[in-house]
Enquirer: 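Would you mind keeping the following structure in view while I ask a few things?
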Amino acid sequence: MSVTRSFTVAIDGPAASGKGTISKAVAAHFGFAHLDTGLLYRAVAAKVLAGKEPAQAARDLVPHDLEDDALRTSLVAQEASKVAVIPEVRAALLDFQRSFAARAGGAVLDGRDIGTVICPDAQVKLFVTASAEVRARRRFAELSGKGVQITLDEVLADVQARDARDMGRADAPLRAAVDAVTIDTTEMAIADAVAAAVAMIDAKRENLI
Ligand code: C5P
């Protein structure tokens, strides 16, 4: 079936749960467009660290801002979870995300509030999670592999601080939508999680024909 209308896959979850890898694999498998919405908050954070006012930085964002490798650092990640608490920042990023989700041909969006706030009508909603220790070990391996000097304890503290901020904020807190399917990757290979996600999407698409 070629998708000529919109078909949205919403994938939420905490940092380093595997949601980014699963989202990319699912998008490649189905030929859907993919938006890592964390990058929007990271790009706003980078501008704030450079001295800009948060809401203005969010309103001024252009697609090119998402292509900066410097957005991947822990400093930017922490700042992203701080600017993400500000309702005006979230509001300024809403339309872009919703238009992306509505494109013909299918879209995968991953983040923290896709199934709950951005795309409450998404055809498929997944909540990808794992224990904080396992997520910290994954992120530590990834950062060490890139030569970043950081300890496992520092990464764990970083992950826990972001979890607390993301789950505790009043506007669009991180939580599973009531109709989301949870995939716990604590003891699951990411390849198996991808296979489970693909099967779920296949089943949903068949029902829509
Ligand atoms: O997904 P990533 O780790 O890149 O996200 C960085 C931060 O951006 C998160 O910790 C969260 O505070 C924020 N974010 C958000 N809503 C989203 C995506 C990311 O609040 N949909």
Side-chain angles (χ1 to χ4, degrees), residues 8-24 26-27 33-49 54-55 57-58 61 65-101 107-120 122 125-130 132 134-136 138-143 146 148 150 154-177 180 183 185 190:
T8 308
V9 180
I11 305 188
D12 290 305
S17 57
K19 68 182 188 309
T21 310
I22 295 170
S23 300
K24 271 190 219 113
V26 160
H34 171 226
L35 179 64
D36 168 1
T37 63
L39 276 181
L40 301 172
Y41 293 89
R42 286 172 183 259
V44 172
K47 287 181 187 295
V48 169
L49 289 170
L61 217 59
D65 293 331
L66 309 183
E67 289 162 19
D68 188 349
D69 275 350
L71 300 184
R72 297 282 168 203
T73 65
S74 303
L75 174 71
V76 172
Q78 285 296 339
E79 186 65 24
S81 73
K82 292 177 191 163
V83 301
V85 170
I86 306 169
E88 291 76 15
V89 167
R90 306 199 71 84
L93 301 175
L94 198 70
D95 284 352
F96 176 74
Q97 295 175 86
R98 287 200 175 142
S99 320
F100 191 96
V108 180
L109 284 81
D110 76 85
R112 304 291 188 288
D113 63 339
I114 308 304
T116 51
V117 175
I118 305 296
C119 305
K125 295 184 186 179
L126 301 177
F127 190 78
V128 182
T129 187
V134 164
R135 290 185 287 120
R138 280 187 199 143
R139 185 51 54 85
F140 176 68
E142 182 191 323
L143 293 171
K146 285 186 198 154
V148 177
I150 194 160
E154 283 167 344
V155 177
L156 180 60
D158 195 89
V159 159
Q160 286 170 329
R162 267 207 298 147
D163 282 358
R165 221 176 276 125
D166 290 349
M167 291 187 220
R169 68 183 173 225
D171 191 10
L174 167 65
R175 61 181 170 76
I183 299 181
T185 65
I190 297 294

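Scope of the values below: all heavy atoms of this structure, side chains included, with no hydrogens, waters or symmetry mates. In listed order, ligands and their atoms are each counted from 1.
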Enquirer: Which residues pass the salt bridge (Lys or Arg N to Asp or Glu O under 4.0 Å) test with R98, sequence neighbours left out?
Expert: none
Enquirer: When you check ligand 1 against the protein, what N or O pairs turn up below 3.5 Å? List the atom names and distances, or just say none.
Expert:
unit_1: ligand 1; atom_1: 1 (O); unit_2: R112; atom_2: NH1; d: 2.9
unit_1: ligand 1; atom_1: 3 (O); unit_2: R42; atom_2: NH2; d: 3.2
unit_1: ligand 1; atom_1: 3 (O); unit_2: R112; atom_2: NH2; d: 3.2
unit_1: ligand 1; atom_1: 3 (O); unit_2: R162; atom_2: NH1; d: 2.7
unit_1: ligand 1; atom_1: 4 (O); unit_2: R42; atom_2: NE; d: 2.5
unit_1: ligand 1; atom_1: 4 (O); unit_2: R42; atom_2: NH2; d: 3.2
unit_1: ligand 1; atom_1: 10 (O); unit_2: R112; atom_2: NH2; d: 3.4
unit_1: ligand 1; atom_1: 10 (O); unit_2: R162; atom_2: NH1; d: 2.9
unit_1: ligand 1; atom_1: 10 (O); unit_2: D166; atom_2: OD2; d: 2.8
unit_1: ligand 1; atom_1: 12 (O); unit_2: D166; atom_2: OD1; d: 2.5
unit_1: ligand 1; atom_1: 12 (O); unit_2: D166; atom_2: OD2; d: 3.4
unit_1: ligand 1; atom_1: 16 (N); unit_2: R90; atom_2: NH2; d: 3.1
unit_1: ligand 1; atom_1: 20 (O); unit_2: R90; atom_2: NH1; d: 2.8
unit_1: ligand 1; atom_1: 20 (O); unit_2: R90; atom_2: NH2; d: 3.4
unit_1: ligand 1; atom_1: 20 (O); unit_2: R169; atom_2: NH1; d: 2.9
unit_1: ligand 1; atom_1: 20 (O); unit_2: R169; atom_2: NH2; d: 3.0
unit_1: ligand 1; atom_1: 21 (N); unit_2: T37; atom_2: OG1; d: 3.0
unit_1: ligand 1; atom_1: 21 (N); unit_2: R112; atom_2: N; d: 3.1
unit_1: ligand 1; atom_1: 21 (N); unit_2: D113; atom_2: OD1; d: 2.9

Enquirer: Verify, without hydrogens or angle tests, whether Q78 (side chain) and D158 (backbone) share a donor-acceptor contact under 3.5 angstrom.
Expert: yes
Enquirer: Going by side-chain hydrogen bond (donor to acceptor under 3.5 Å, both in side chains), name the pairs with one or both residues in residues 80-95, residues two or more places apart or in two chains.
Expert: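 side-chain hydrogen bond (donor to acceptor under 3.5 Å, both in side chains) check on residues 80-95 returns Y41-R90, S81-R165, R90-D113.
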Enquirer: R138: which residues meet the salt bridge (Lys or Arg N to Asp or Glu O under 4.0 Å) condition with it, sequence neighbours left out?
Expert: none
Enquirer: Quick one: does P14's side chain get under 4.5 Å of L174's, heavy atoms only?
Expert: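 SC-SC contact between P14 and L174 confirmed.
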Enquirer: Which heavy atom in I114 sits nearest to a heavy atom in A10, and how many Å separate them?
Expert: CG2-CB, 3.4 Å
